[in-house]
Amino acid sequence: QVQVVESGGGLVEAGASLRLSCAASGRTFSDYAMGWFRQTPEKEREFVAAISGNGGRTIYADFVKGRFTISRDNAKTTVYLQMNSLKPEDTAVYYCAADRRIGRAYVRSDAIGYDYWGQGTQVTVSS
């Protein structure tokens with residue numbers, strides 16, 4: 001069982017930056033791929049970014065490429081999402097999730113593959 005807790009959300013103006021953190025429990029954190037997803041009341045949950053357990057592979061949704069960066073610190077069992085050049089359309093609840101089945105060197109964007117989810121952190125970007 002893995003527990004994940006997100007933090008770092010908030011209200012910012014367009015163009016600003018935020019860094020989200022996701023702290024995970026468990027001694028085998030490096031065995032888990034980690035992903036960030038987001039959701040608004042108007043849209044289904046959508047993939048944002050993910051990183052493999054060993055940190056060697058990352059994938060991003062097209063709408064965040066060049067603006068967001070995912071990283072992880074396995075010693076701290078934490079994954080980060082650095083969000084730059086934020087836009088009002090980035091407003092959403094951001095969720096962190098752990099994928100225990102894909103293996104340390106792989107990563108995927110399909111939410112159904114993720115086993116453990118946090119409660120989410122709200123990001124609001126004003127225009």
Side-chain angles (χ1 to χ4, degrees):
Q1 187 78 11
V2 174
Q3 292 184 326
V4 294
V5 179
E6 306 94 336
S7 62
L11 171 63
V12 297
E13 294 183 348
S17 298
L18 276 176
R19 188 176 80 157
L20 304 183
S21 298
C22 172
S25 65
R27 294 175 294 177
T28 58
F29 180 71
S30 60
D31 289 344
Y32 294 76
M34 299 296 294
W36 286 97
F37 297 79
R38 68 187 189 184
Q39 188 169 18
T40 67
E42 298 78 23
K43 297 173 67 175
E44 293 185 352
R45 189 169 298 186
E46 62 182 356
F47 170 75
V48 176
I51 186 167
S52 61
N54 62 10
R57 188 168 299 187
T58 58
I59 55 174
Y60 295 92
D62 287 343
F63 54 78
V64 303
K65 284 181 179 177
R67 299 190 299 126
F68 292 9
T69 302
I70 190 170
S71 62
R72 65 190 295 158
D73 185 334
N74 284 345
K76 296 182 178 179
T77 64
T78 300
V79 63
Y80 305 97
L81 185 68
Q82 178 67 44
M83 305 187 295
N84 298 329
S85 302
L86 282 162
K87 304 175 182 180
E89 52 263 44
D90 293 319
T91 295
V93 177
Y94 284 71
Y95 296 90
C96 176
D99 180 347
R100 65 181 172 88
R101 293 172 285 173
I102 198 170
R104 299 185 75 244
Y106 301 96
V107 64
R108 55 186 158 191
S109 60
D110 189 353
I112 198 170
Y114 289 78
D115 307 284
Y116 306 105
W117 293 80
Q119 294 299 305
T121 185
Q122 176 70 48
V123 172
T124 303
V125 185
S126 64
S127 58

For E89, enumerate each residue passing the salt bridge (Lys or Arg N to Asp or Glu O under 4.0 Å) test, keeping only those at least two apart in sequence or located in another chain.
-> none
Nearest heavy-atom approach of A33 to Y114 is O-CE2, 4.2 Å
Rounded to the nearest 0.5 angstrom, the CG-CG distance for N54 and N74 is 8.5 Å
State which residues pass side-chain hydrogen bond (donor to acceptor under 3.5 Å, both in side chains) with Q39; sequence neighbours excluded, sorted by chain then number.
-> R45
Pairs flagged by salt bridge (charged side-chain N to carboxylate O under 4.0 Å, His left out) wherever residues 66-80 is involved - sequence neighbours left out | R67-D90
Any side chain to side chain donor-acceptor pair (under 3.5 Å) involving residues 5-15? Give me the pairs, sequence neighbours left out, ordered by first then second residue.
-> none
Would you call the rings of F37 and W117 parallel, tilted or perpendicular, where under 30° means parallel and over 60° means perpendicular?
-> tilted
List, by chain and then residue number, the residues other than F29 in its hydrophobic cluster (Ile/Leu/Val/Met/Phe/Trp/Tyr, side-chain heavy atoms under 4.5 Å); write none if there are no others.
-> V2, V4, V12, L18, L20, Y32, M34, W36, V48, I51, Y60, F63, V64, F68, I70, V79, L81, M83, L86, Y94, Y116, V123, V125
Considering only distance and modelled atom types, tabulate donor-acceptor pairs under 3.5 Å from the side chains of residues 102-110, sequence neighbours left out.
{"residue": "R104", "atom": "NE", "partner": "S30", "partner atom": "O", "Å": "3.1"}
{"residue": "R104", "atom": "NE", "partner": "D31", "partner atom": "OD1", "Å": "3.4"}
{"residue": "R108", "atom": "NE", "partner": "D99", "partner atom": "OD2", "Å": "2.6"}
{"residue": "R108", "atom": "NH2", "partner": "D99", "partner atom": "OD1", "Å": "3.1"}
{"residue": "R108", "atom": "NH2", "partner": "D99", "partner atom": "OD2", "Å": "3.2"}
{"residue": "R108", "atom": "NH2", "partner": "G113", "partner atom": "O", "Å": "3.3"}
{"residue": "D110", "atom": "OD1", "partner": "I112", "partner atom": "N", "Å": "3.2"}

Of all the heavy-atom pairs spanning S127 and A14, show the shortest one and how long it is.
-> CA-CB, 4.4 Å
For Q122, look at atom CD and say whether over 12 heavy atoms of other residues, nucleotides or ligands are found less than 6.0 Å away.
-> yes
